[in-house]
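Numbering starts at 1 and runs along the sequence shown.
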Amino acid sequence: AAVGAHSLEGIADAFDQEKVIREKIIEMLENKEVKDNFTSAGLPNLNTLSKLCGFSVGREQMQKTWHALQAETETA
């Protein structure tokens with residue numbers, strides 16, 4: 001049973017991280033004038049995002065969340 005509980009915990013952690021990443025990217029978008037918030041390519045700066053989140057954000061995590069946000073704003 002412990003194995004099943006542990007894997008569920010991992011899913012919850014990943015979901016919580018995604019939620020935090022999403023919130024922090026939105027904060028960064030609201031403060032676009034801050035020089036280090038975005039790269040020259042227009043993507044969220046991973047170092048800044050990781051600092052804001054309080055954990056290391058992987059490029060794939062950031063891109064997945066970023067693309068989801070982009071899709072939402074395009075349809076809104």
Side-chain angles (χ1 to χ4, degrees):
V3 173
H6 183 71
S7 64
L8 274 179
E9 214 172 82
I11 292 168
D13 287 348
F15 181 77
D16 287 344
Q17 280 192 352
E18 201 170 306
K19 209 170 114 183
V20 172
I21 293 168
R22 181 188 177 85
E23 288 169 5
K24 298 305 175 186
I25 289 177
I26 290 169
E27 274 181 37
M28 289 167 71
L29 282 167
E30 289 169 351
N31 296 299
K32 273 187 179 173
E33 69 281 354
V34 177
K35 188 172 76 83
D36 292 335
N37 276 1
F38 291 89
T39 65
S40 57
L43 292 169
N45 181 316
L46 275 177
N47 292 330
T48 304
L49 184 58
S50 293
K51 278 183 205 155
L52 289 172
C53 289
F55 56 84
S56 181
V57 178
R59 185 169 303 284
E60 277 183 28
Q61 276 180 306
M62 175 275 289
Q63 288 178 333
K64 183 178 154 198
T65 308
W66 176 247
H67 292 303
L69 274 171
Q70 296 294 95
E72 284 171 31
T73 54
E74 284 170 18
T75 56

Seminar exercise, completed: Per side chain to side chain contact (heavy atoms under 4.5 Å, CB included), Phe38 is matched among Leu29, Leu43, Asn45 by Leu29

Exercise. More than 12 non-hydrogen atoms from neighbouring residues, nucleotides or ligands closer than 6.0 Å to CD on Glu60, yes or no?
Worked result: no

Nearest heavy-atom pair of [X] and [Y]: which atoms, and what distance?
X	Y	answer
Gly42	Trp66	O-CZ2, 3.5 Å
Val57	Ile21	CG1-CD1, 3.8 Å
Gly58	Leu46	O-CD2, 3.9 Å
Gln61	Ser56	OE1-O, 4.0 Å

Could you tell me the separation between the [atom1] atom of [X] and the [atom2] atom of [Y], rounded to the nearest 0.5 Å?
X	Y	atom1	atom2	result
Asn31	Asp36	CG	CG	12.5 Å
His67	Met62	NE2	CE	7.5 Å
Leu49	Lys51	CG	NZ	11.5 Å
Gln70	Ile25	CD	CD1	9.0 Å

Is there side-chain contact between [X] and [Y], with heavy atoms separated by less than 4.5 Å?
X	Y	result
Phe55	Ser50	no
Asn37	Lys32	no
Pro44	Thr48	no
Leu69	Arg22	yes

Exercise. Should Val34 and Met28 be regarded as members of a common hydrophobic cluster, given that ILVMFWY residues are connected when their side-chain heavy atoms come within less than 4.5 Å of each other, either directly or indirectly?
Worked result: no

